[in-house]
Amino acid sequence: LDIDGYYLPTFDKIIPNQEEEVRSIRTWKAKDDDVLLCAYPKSGTHWLWEVASMLLNGSADRINLNKASAMLELIPQPMYEDIQSPRVLNSHIYFRMLPEDFVKRKCKIVYILRNPKDVAVSFFNHHFKVLEYEYSGKWENYIHRFLTGQVDYGSWFDYTLDWEKVIQDNPDYPIHIISYEDMKKDGTKEIKQLAQFLGVKADEELIKCIAGACDFERMKKEKNLLDIATADEWRDKELGIYRKGQVGDWKNWFTVAQNELFDTVYAERMKNSKFQFRCMV
Ligand code: A3P
């Protein structure tokens, strides 16, 4: 689906009139306590969605059912309106596409960053394994698509630079940046900071419980059990959202030449960016 040059996967089985719905997002009403997670796909949205939901619920006892049911571009407006507050929404769309009311109310945004080399590998696996895409290409071809933005949700560079500009241009807007790599390095510290940003009183015990409940292997096991009915949608019936959950898996995929190419494109596209990513070399 092409919305003024912005490519989205076609979700017409889930959301009829998807184009109309996505175009109407600008007019949706927000609630003051809405929180929105924004990220380029494969940056750890499922993970942070779970963490943020647990913080707002004040409990790590329950893994939430379905992130997709709170994803702006994947749900029709009535479903959006029915989500119970406090709402933890999520999206891969650009800031300029968000509900005007949401921006006017200065609802909190958590922006998630991840090393783009790992994002590329994760996204390749996603495209390859989700049968709906009917994609059976090879990694050596995919990397070119990724670098030129010929994938759904478009270019990682465009998306990331746009958010950086939004953050710079709106210093008063409450946007909290969190990185996948920092979460992996010291989840407790990051969750504590996130709690502060969200205005949630969370004691050490709760933070520790949330970090434990959202540990990759635990989350994978629990979520895959909940998602088992959707196994037919995946290649070889293997659920693939919780794949490897590591920093630096790109090193198992990139050849030396691919890495050089990536670094060259990265250096050119990100030359004015202040974002820094761990494990790029
Ligand atoms: P990999 O494919 O590298 O394993 P998103 O949720 O934005 O689609 O991102 C998916 C990526 O986040 C996948 O990366 C997935 O394994 C990883 N992920 C999901 N839950 C995680 C968790 N609890 N801890 C660490 N990584 C997680």
Side-chain angles (χ1 to χ4, degrees), residues 8-9 11 36-55 60 62-74 88-93 110-130 132-133 135 139 142-143 146 151-153 156 159-160 163 177-191 194 207-227 230 233-235 238-254 277-280:
L8 284 169
F11 295 124
L36 175 66
L37 308 186
C38 293
Y40 189 83
K42 314 318 287 178
S43 303
T45 329
H46 285 77
W47 188 12
L48 264 303
W49 186 74
E50 212 59 56
V51 169
S53 302
M54 286 182 179
L55 279 174
R62 194 169 59 95
I63 281 276
N64 273 288
L65 267 177
N66 191 355
K67 177 189 85 70
S69 63
M71 184 171 168
L72 296 185
E73 62 273 32
L74 191 56
V88 184
L89 308 162
N90 66 90
S91 180
H92 303 313
I93 62 178
V110 178
Y111 176 57
I112 312 162
L113 279 170
R114 187 181 189 190
N115 174 331
K117 292 180 181 174
D118 282 333
V119 171
V121 168
S122 184
F123 216 6
F124 167 71
N125 277 281
H126 185 82
H127 284 123
F128 188 76
K129 289 176 183 165
V130 174
E132 180 90 20
Y133 282 112
Y135 177 74
W139 162 247
Y142 183 86
I143 189 171
F146 184 84
V151 291
D152 49 350
Y153 297 106
W156 178 90
Y159 183 85
T160 308
W163 274 97
I177 305 177
I178 198 160
S179 90
Y180 185 96
E181 291 76 23
D182 288 345
M183 274 290 289
K184 283 296 280 192
K185 191 165 166 244
D186 192 347
T188 311
K189 178 173 154 214
E190 295 303 318
I191 296 172
L194 180 61
I207 304 269
K208 220 173 80 191
C209 287
I210 294 177
C214 295
D215 167 74
F216 180 72
E217 291 302 336
R218 233 172 108 185
M219 224 177 119
K220 175 176 181 168
K221 204 166 138 210
E222 282 201 46
K223 285 282 200 179
N224 282 357
L225 271 176
L226 290 169
D227 286 346
T230 63
E233 296 164 17
W234 293 87
R235 195 178 288 266
E238 207 181 298
L239 295 165
I241 291 284
Y242 304 88
R243 191 185 63 93
K244 210 157 177 185
Q246 287 177 8
V247 175
D249 184 40
W250 65 268
K251 292 182 181 171
N252 299 315
W253 291 77
F254 281 56
F277 297 91
R278 207 169 290 144
C279 199
M280 283 291 278

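Whatever order the structure lists ligands and atoms in, that order sets their numbers, starting from 1. Computation of the quantities below employed the complete heavy-atom set of this structure, encompassing side-chain atoms and omitting hydrogens, waters and symmetry-equivalent molecules.
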Only one of F254, F123, W250, F146 clears ring pair (Phe, Tyr, Trp, His ring centres under 6.0 Å) with W139; which?
F254
Given the rule in the side chain to side chain contact (heavy atoms under 4.5 Å, CB included) test, do V247 and K185 qualify, once you have shown the distances and angles that lead to the verdict?
CA-CA 9 Å; V247 175; K185 191 165 166 244; over 6 Å; no
Is D182 paired with R278 through a side-chain N to carboxylate O contact shorter than 4.0 Å?
yes
Do the non-hydrogen side-chain atoms of V119 and Y180 ever get within less than 4.5 Å of each other?
no
Can you tell if the side chain of F124 reaches within under 4.5 Å of the side chain of Y135, non-hydrogen atoms only?
yes
Using a cut-off of 6.0 Å, state whether more than 12 heavy atoms not belonging to K208 lie near its atom NZ.
no
Write none if no such pair exists; otherwise list each N/O atom of ligand 1 with its protein N/O partner under 3.5 Å and the distance.
unit_1	atom_1	unit_2	atom_2	d
ligand 1	2 (O)	S122	OG	2.6
ligand 1	2 (O)	R243	NE	2.8
ligand 1	3 (O)	R114	NH1	3.4
ligand 1	3 (O)	R114	NH2	3.0
ligand 1	3 (O)	R243	NH2	3.2
ligand 1	4 (O)	K244	N	2.7
ligand 1	4 (O)	G245	N	2.7
ligand 1	6 (O)	T45	N	3.2
ligand 1	6 (O)	H46	N	2.8
ligand 1	6 (O)	H46	ND1	2.6
ligand 1	7 (O)	K42	N	3.2
ligand 1	7 (O)	S43	N	3.1
ligand 1	7 (O)	G44	N	3.0
ligand 1	7 (O)	T45	N	2.8
ligand 1	7 (O)	T45	OG1	2.7
ligand 1	8 (O)	K42	NZ	3.4
ligand 1	9 (O)	G44	N	3.2
ligand 1	14 (O)	R114	NH1	3.2
ligand 1	14 (O)	S122	OG	3.4
ligand 1	16 (O)	I241	O	3.4
ligand 1	16 (O)	R243	N	3.1
ligand 1	23 (N)	C214	O	2.8
ligand 1	26 (N)	Y180	OH	2.7

